[in-house]
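Only one structure is covered here, and it is reproduced in the block below.
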Amino acid sequence: MDDLVATGVLAVTPAFAARGVSLTRTDSGEDAPIRGDVVLLAKALENLLLHAAEHTPAGRTVTVWRDSSPDSVRVGVRDEGVGVPAEDLPYIFDRFHRSGSLRRDQGVDAAGRLADARTIAAAHGGTLSASSAGVGHGTEFVMTLPTRS
């Protein structure tokens, strides 16, 4: 999993630099082996990181983190960005949802990236969740994948 996170971070570094957004990484626990398509899983992480970069103002930070347990590994992307209103949070992975302020100024690409990331996680027996304390408080995405036994 560490290699996958490193690959994802490397892929998005130019986009973060261009936007003036810092990218940090923290890991806890032992690295955990996972079973799956490394290219697809790296793409899912890249999608989450790019989404965070696009919604985080210059001068702020996005943190990618990893932790593990005997049964699963979690990778999270936490930003200091615009956040998501509570009424829109249940629809954040819906490619075509447009009510409220969610994706009002975003294209289908932004919505598609999140939907694709969730589909990739599910195809690997995992989940992708999102949380936000509301507008102005950032967003956190957590992908949970089963470890290889």
Side-chain angles (χ1 to χ4, degrees), residues 1-58 60-85 88-98 101-132 137-149:
M1 193 59 166
D2 281 347
D3 291 342
L4 187 135
V5 173
T7 299
V9 167
L10 185 62
V12 301
T13 297
F16 274 76
R19 296 189 61 84
V21 176
S22 298
L23 179 58
T24 63
R25 178 179 171 185
T26 62
D27 297 323
S28 63
E30 296 294 317
D31 187 17
I34 56 171
R35 182 181 318 261
D37 185 322
V38 176
V39 173
L40 284 176
L41 290 168
K43 184 63 177 174
L45 178 58
E46 182 181 335
N47 285 354
L48 297 176
L49 288 166
L50 289 173
H51 183 84
E54 290 173 358
H55 295 90
T56 300
R60 297 233 177 130
T61 301
V62 171
T63 302
V64 59
W65 55 268
R66 182 214 31 93
D67 68 16
S68 60
S69 70
D71 299 328
S72 66
V73 62
R74 296 183 321 147
V75 177
V77 175
R78 180 176 44 250
D79 67 50
E80 297 176 348
V82 297
V84 179
D88 289 334
L89 198 55
Y91 306 103
I92 198 163
F93 297 107
D94 183 343
R95 187 179 306 267
F96 301 108
H97 180 74
R98 298 241 185 251
S101 61
L102 183 63
R103 298 189 195 94
R104 182 173 290 149
D105 59 351
Q106 301 172 27
V108 173
D109 287 347
R113 274 198 296 272
L114 294 179
D116 290 347
R118 185 177 237 187
T119 298
I120 292 168
H124 288 83
T127 61
L128 178 59
S129 62
S131 61
S132 177
H137 296 285
T139 305
E140 182 171 40
F141 294 93
V142 178
M143 183 168 41
T144 305
L145 299 167
T147 57
R148 181 176 51 192
S149 11

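Nothing here was measured: the structure is a model prediction, and the numbers come from that model.
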Just wondering, do [Y] and [X] contact through their side chains at under 4.5 Å, heavy atoms?
X      : Y     : answer
Leu41  : Ile34 : yes
Trp65  : Val75 : no
Val9   : Val5  : yes
Leu114 : Asn47 : no

Taking [Y]'s backbone N and O only, do any of them form a donor-acceptor pair with [X]'s side chain (distance below 3.5 Å, no angle check)?
X      : Y      : result
Thr147 : Pro70  : yes
Ser132 : Gly138 : yes
Asp31  : Asp2   : yes
Ser72  : Ser68  : no
Asp79  : Val62  : no
His124 : Asp37  : yes
Arg74  : Asp67  : no
His55  : His51  : yes

Taking all atoms of both residues into account, what is the closest heavy-atom pair of [X] and [Y], and its distance?
X      : Y     : answer
Ala115 : Phe93 : CB-O, 3.4 Å
Ala117 : Ala44 : CB-O, 3.8 Å
Thr7   : Ala42 : CG2-CB, 4.4 Å
Leu4   : Val38 : CD1-O, 3.9 Å
Val21  : Ala53 : CG2-O, 4.1 Å

Working to the nearest 0.5 angstrom, can you tell me the gap between [X] [atom1] and [Y] [atom2]?
X      : Y      : atom1 : atom2 : answer
Leu40  : Leu45  : CG    : CG    : 13.0 Å
Glu80  : Thr139 : CD    : OG1   : 11.5 Å
Phe16  : Thr56  : CZ    : OG1   : 7.0 Å
Arg78  : Glu140 : CZ    : CD    : 5.0 Å
Leu128 : Leu48  : CG    : CG    : 5.5 Å
Asp3   : Leu10  : CG    : CG    : 12.0 Å

(message) Check this for me, if you would: do Arg25 and Asp27 make a salt bridge, where the nitrogen-to-carboxylate-oxygen distance has to be below 4.0 angstrom?
(response) yes

(request) Look at Asp116 together with Lys43 and state whether they make a salt bridge at an N to O cut-off of under 4.0 Å. (result)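 Lys43 and Asp116: not salt-bridged.
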
(message) For Thr63 and Thr24, which I'm curious about, is there any donor-acceptor pair between the side chains at under 3.5 Å?
(response) yes

(request) Walk me through it: do Glu30 and Arg66 pass the test salt bridge (Lys or Arg N to Asp or Glu O under 4.0 Å)? (result) CA-CA 9 Å; Glu30 296 294 317; Arg66 182 214 31 93; over 6 Å; no

(request) In sequence, state the C-alpha distance, the side-chain angles, and the governing distance for Glu54 and Arg113, and then conclude on side chain to side chain contact (heavy atoms under 4.5 Å, CB included). (result) CA-CA 12 Å; Glu54 290 173 358; Arg113 274 198 296 272; 2.4 Å; yes

